[in-house]
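What follows is a single structure, written as structure tokens, with notes after it.
It should be emphasised that the depicted structure is a prediction, and the values quoted were computed from it without experimental measurement. Positions are given from 1, in the same order as the sequence printed here.
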Amino acid sequence: MKTKRTLVILRTFVLLSVLALFSALGVHAAENPLASIPTKNYIITDGVVRGTGCDYYTPAYSKKIRLTVTSSNKKVVTAKVYNFTNELNGKTQYFAGYETTRKGWGKATLTIKLKVGSRTYTRKQTVTYQKYTTPFSSFKIGNTSYLSTFKKYQYADVAKIPSGKLSYTLKKGYKMKEISALVGSSATAATPGDIKTVKLKKGQKVPKNTLNLYLVVEDSKGNTMRLGIY
């Protein structure tokens, strides 16, 4: 399925980029290596699992580390820790990451701890899962309507995205923050420049050879939800 393949490609690219950055900068124990983890994570979701991967990766260290993540409510969210090693110039680097899994609706607090040598760093994150409801009262590309899909799901999995005028109507209290199209000949193209991202606005024409269409919508409380057509 295109959705899962694209997610795997993007997650692999992010992981390799993180490793390269840490290696180039010689990152070790910062003031708090967990500081990049947001203290609040508000997630609007239809509940469908479309891809897996770590929510966070630690920096790389020259010695073994210990990462732990505990949830205050396992009926809402659980977390699994993964340990990794990487060889660089004949030396072993150690890093870790964790992956969260939604178990229900509501709020829970994750307590993340990273032990490096004799030092222990701590970070807490409040995770809230809200059940998705469609922000659209209409959504079309050309003459093709996707409203019935968006009423149930955040993402529409289609054989081909048509090229046509993008039109939609948002329900009261919602506003569109971003529309972008991933355009190219293949979702796995390796040639630089073969795939590009095109920003779109309401009323514009969706380009030919659009692989994915990404949407970011904000509700009246400032919470964002991601939708798309793949």
**Atom of Val116, atom of Lys63 and distance for their closest heavy-atom approach** = CG1-CE, 4.0 Å
**Request:** Measure from the side-chain N and O atoms of Gln93 to the backbone N and O of Phe84, and report whether any donor-acceptor pair falls under 3.5 Å.
**Result:** no
**Prompt:** Is there a donor-acceptor contact under 3.5 Å from the side chain of Asn89 to the main chain of Lys91?
**Reply:** no
**Salt bridge flag under 4.0 Å for residues Lys175 and Glu218** = yes
**Request:** Locate the shortest heavy-atom distance separating Gln204 from Lys201; write the atom from each residue and the value.
**Result:** OE1-N, 2.8 Å
**Message:** Rounded at 0.5 Å granularity, tell me how far OG1 in Thr149 sits from CG in Leu227.
**Reply:** 11.5 Å
**Prompt:** Which heavy-atom pair separates Asp46 from Trp105 by the least distance, and what is that distance?
**Reply:** C-CH2, 4.4 Å
**Asked** Taking the side chain as C-beta and beyond, is there a heavy-atom pair between Val183 and Ile195 under 4.5 Å?
**Response** no
**Message:** If you count heavy atoms of other groups shown closer than 6.0 angstrom to CZ of Arg226, is the number above 12?
**Reply:** no
**Prompt:** For the residue pair Thr92 and Glu87, what are the closest heavy atoms and their distance?
**Reply:** OG1-OE2, 2.8 Å
**Asked** Do you reckon Tyr153 sits in the same ILVMFWY cluster as Met225, going by side-chain contacts under 4.5 Å, direct or chained?
**Response** no
Output side-chain donor-acceptor pairs under 3.5 Å for residues 161-173, partner residues at least two apart or in another chain, one line each.
{"unit_1": "Ser163", "atom_1": "OG", "unit_2": "Val206", "atom_2": "O", "d": "2.8"}
{"unit_1": "Thr169", "atom_1": "OG1", "unit_2": "Ser138", "atom_2": "OG", "d": "3.0"}
{"unit_1": "Lys171", "atom_1": "NZ", "unit_2": "Thr134", "atom_2": "O", "d": "3.4"}

**Request:** Go through the steps for Val77 and Arg102 under the test side-chain contact (heavy atoms from CB on, under 4.5 Å), then give the verdict.
**Result:** CA-CA 5 Å; Val77 63; Arg102 186 190 68 82; 5.8 Å; no
**Message:** Return the CG to NZ distance between Leu215 and Lys177, rounded to the nearest 0.5 Å.
**Reply:** 14.5 Å
**Message:** Measuring centre to centre across the rings, with the benzene-like ring taken for any Trp, is Tyr230 within less than 6.0 Å of Tyr155?
**Reply:** yes
**Message:** Rounded at 0.5 Å granularity, tell me how far OG1 in Thr101 sits from NZ in Lys74.
**Reply:** 12.5 Å
**Heavy-atom donor-acceptor pair, Thr45 side chain to Gly47 backbone, under 3.5 Å** = yes
**Request:** Could you tell me the separation between the SG atom of Cys54 and the OH atom of Tyr98, rounded to the nearest 0.5 Å?
**Result:** 9.5 Å
**Item:** Closest non-hydrogen atom pair between Leu147 and Ser137, with its separation
**Value:** CD2-O, 3.2 Å
**Item:** Stepwise side-chain contact (heavy atoms from CB on, under 4.5 Å) check, Val217 with Thr224
**Value:** CA-CA 6 Å; Val217 178; Thr224 58; over 6 Å; no
**Request:** Could you tell me whether the side chain of Leu67 reaches within less than 4.5 Å of the side chain of Thr58, counting heavy atoms only?
**Result:** yes
**Request:** For residues Ser71 and Thr111, determine if any side-chain heavy atom of one lies less than 4.5 Å from a side-chain heavy atom of the other.
**Result:** no
**Request:** Verify the cluster assignment for Val48 and Val216: are they in a single hydrophobic cluster under the rule of side-chain heavy atoms below 4.5 Å apart?
**Result:** no
**Item:** Flag, side chain of Asp219 to backbone of Tyr174, donor-acceptor distance under 3.5 Å
**Value:** no
**For Tyr94, the rest of its hydrophobic cluster, which grows through side-chain links under 4.5 angstrom** = none
**Prompt:** With a 4.5 Å limit on heavy-atom distance, are the side chains of Tyr121 and Ile112 in contact?
**Reply:** no
**Heavy atoms of other groups near Lys202 NZ, more than 12 under 6.0 Å** = yes
**Message:** Quick one, Ile65 and Leu114 - any side-chain contact, counting heavy atoms below 4.5 Å?
**Reply:** yes
**Under 3.5 Å side-chain donor-acceptor pair for Thr109 and Gln125** = no
**Request:** Heavy atoms only: give me the nearest Ser36-Pro33 pair and the separation to one decimal.
**Result:** OG-O, 4.3 Å
**Asked** About how many Å separate CD1 of Ile229 and NZ of Lys160, when rounded to the nearest 0.5 Å?
**Response** 14.5 Å
**Prompt:** Do side-chain atoms of Asn83 reach the backbone of Ala96 as a donor and acceptor pair under 3.5 angstrom?
**Reply:** no
**Prompt:** Between atom CG of Leu211 and atom NZ of Lys196, what is the distance when rounded to the nearest 0.5 Å?
**Reply:** 12.0 Å
**Prompt:** Within the side chain of Tyr132, is there an N or O that forms a donor-acceptor pair under 3.5 Å with the backbone of Phe150?
**Reply:** yes
**Asked** Distance only, no hydrogens: is a donor on one side chain within 3.5 Å (strictly under) of an acceptor on the other, for Gln130 and Tyr42?
**Response** yes
**Prompt:** Quick one: does Leu182's side chain get under 4.5 Å of Tyr214's, heavy atoms only?
**Reply:** yes
**Asked** So, do Thr126 and Asn41 sit near enough that their side-chain heavy atoms are less than 4.5 Å apart?
**Response** no
**Message:** I'd like to know if the side chain of Arg123 and the backbone of Ile37 have a donor-acceptor N/O pair within less than 3.5 Å.
**Reply:** yes
**Message:** Do Phe95 and Tyr57 have side chains that approach each other closer than 4.5 Å (heavy atoms only, starting at C-beta)?
**Reply:** yes
